[in-house]
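Residue numbering restarts at 1 for every chain, and letters A, B, ... go by the order of the sequence lines. Hydrogens, waters and symmetry mates play no part in the numbers below; they use all other heavy atoms, side chains included.
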There are 2 protein chains.
Amino acid sequence: MANILLVEDDPDINAAFRLALSQRGHSVAGCFLGGEGVALATEVPGPDLVVLDLMLPDLDGREVCRRIRAVSQIPIIMMTARGDDADVVLGLESGADDYVVKPVEPYLLDARIRALLRRSSLPVAPAGESDVVTSGALRLDRKSLVTSINGEAVPLTATETRLLLELSKHPGQVRSREQLLRDVWGTDYLNESRMVDASIQRLRSKVERDPSQPKIIATVRGFGYRFDLQ
Amino acid sequence: MANILLVEDDPDINAAFRLALSQRGHSVAGCFLGGEGVALATEVPGPDLVVLDLMLPDLDGREVCRRIRAVSQIPIIMMTARGDDADVVLGLESGADDYVVKPVEPYLLDARIRALLRRSSLPVAPAGESDVVTSGALRLDRKSLVTSINGEAVPLTATETRLLLELSKHPGQVRSREQLLRDVWGTDYLNESRMVDASIQRLRSKVERDPSQPKIIATVRGFGYRFDLQ
DNA sequence: CTGACTTTGTCACCAACGTGTCACAGAATT
DNA sequence: AATTCTGTGACACGTTGGTGACAAAGTCAG
């Protein structure tokens, strides 16, 4: 289903949710500290969604949320025992997409996860629970971040890898330059930049058999680029 | 802030929320029936977001939700007095993005509205499950933006794709040149222009079997054009 | 700390394509 | 028959994206 990061300091609750969400088909990574959470959520390749407890020993959940939001648009669901309306509002305003109050039934959390993933246009049910993307001769291992062509490793730079990852997260869907700028570079405003074009070109030169006739990363004139499975 | 459609049959609650959301800077339209709700949510220019009561006299709120979702990816917040977890799950599964339980503090609803709008404004390409339009031999994939006839890809330009997308959002309904200008070109005032006609013609020449006898995009003399399902 | 190397953002240029406009013909409506 | 509306083809301009060069920033070994 999805790769979920659970940030929750209570070991029992942490374990319980990891189990419950796993049973519902998700792949769950858990951590106990806010600092860890920020690191894990923003690393490459990050999870598809974050479930974030508000009460953490080191950092306030809202601070965690803000730090993640500073560099990433990843979907975030906040979770807390405090059900006060004002808390909910503060949580949402610090950048969370949804807010649930403990105790939460796992199947309810799952429903909200699905709704949010649907809205975020992430595939809710990828066919195989595989962390490897392939398109033609290209093969990208999302965990080790090793890219290879015909089994031979291709040395991609960090930016190129992020770009390819981001494109491959939405196979068959057009991604605009704005989306790519946001998700790969974390900047929102560089609309005039040719950064995306330049990096796409560098990526193509390493990955495409014939970069002038790209098969894997298609140009969709007027819209953006599209990663095509083959 | 945003144009919001409120579908709520209780006149008191309806009026109260309209007032409260207006005071928070939104522009609110209210209606009392599910049928109306579907019509208003899918017309052009539609609202930015729908707040939908579950209990309506004519249609079940979930049915309203499904009908809207059949043609639109507009953000939907469901609202109901029934706070049962199972209801929430059913609501989310019928396509809603969020679910709040009455009584709701207006500022809480506002916070959820903002969170949802923030998330929804991100993608350019709309997300969702039924993202393929077909009419006769024509097939348009809204995510990959690939148009094909009898399975063979037809290269459309950006404007042609946008035009076809816009027309196909409202199958069987006449769209005026003004509406198309606004939704495809983003201009409001070029009423004297023949741009729409010219682009319709270019689109037909690529998409219609016999452009002089158009089956997919019909001319409605004096009004505009209509996309017909077949 | 230094110098070499790699990575990355910016820029300028060009070719190709897309697109708005126009004029006129043809069709529908009155 | 007159009038209004729509289809159609031509054309020139603007936009878009590919490309290579270059400079700034980052990385790393010695």
(message) With a 4.0 Å limit, can you tell me whether A/Arg204 has a side-chain N or O closer than that to the phosphate oxygens OP1/OP2 of D/dT19?
(response) no
(request) Give me the bend of the helix from C/dC1-D/dG30 to C/dT30-D/dA1, using the axes of the five pairs at each end, rounded to 10°. (result) 40°
(message) Can you identify which nucleotide, out of C/dT10, D/dG7, C/dT29, has its nearest atom closest to the A/Ser193 side chain?
(response) C/dT10
(message) In this structure, how many angstroms lie between the P atom of D/dT6 and the CG atom of B/Leu180, rounded?
(response) 12 Å
(request) Mind listing the residues from residues 153-167 of chain A sitting with a heavy atom below 4.0 Å of DNA chain D? Number order is fine. (result) none
(request) May I have the distance from B/Gln201 (atom CD) to D/dT8 (atom P), rounded to whole angstrom? (result) 5 Å
(message) If the condition is salt bridge (Lys or Arg N to Asp or Glu O under 4.0 Å), which residues does A/Arg69 pass it with, not counting sequence neighbours?
(response) A/Asp97
(request) Report yes or no: do B/Arg177 and B/Tyr225 form a side-chain donor-acceptor pair below 3.5 Å? (result) yes
(request) Calculate the interatomic distance between A/Arg194 atom CZ and C/dT10 atom P; express it in whole Å. (result) 12 Å
(request) Go through C/dA28, C/dG20, D/dG18 for me and flag the one nearest to the B/Arg202 side chain. (result) C/dG20
(request) Check for a donor-acceptor pair, side chain of A/Ser135 on one end and backbone N or O of A/Ile216 on the other, with a separation under 3.5 Å. (result) no
(message) Determine whether a donor-acceptor pair (N or O, by modelled atom type, separation under 3.5 Å) exists between the side chain of A/Ser168 and the backbone of A/Leu164.
(response) yes
(request) Give me the one residue out of B/Ile200, B/Val184, B/Leu181 that meets side chain to side chain contact (heavy atoms under 4.5 Å, CB included) with B/Met195. (result) B/Leu181
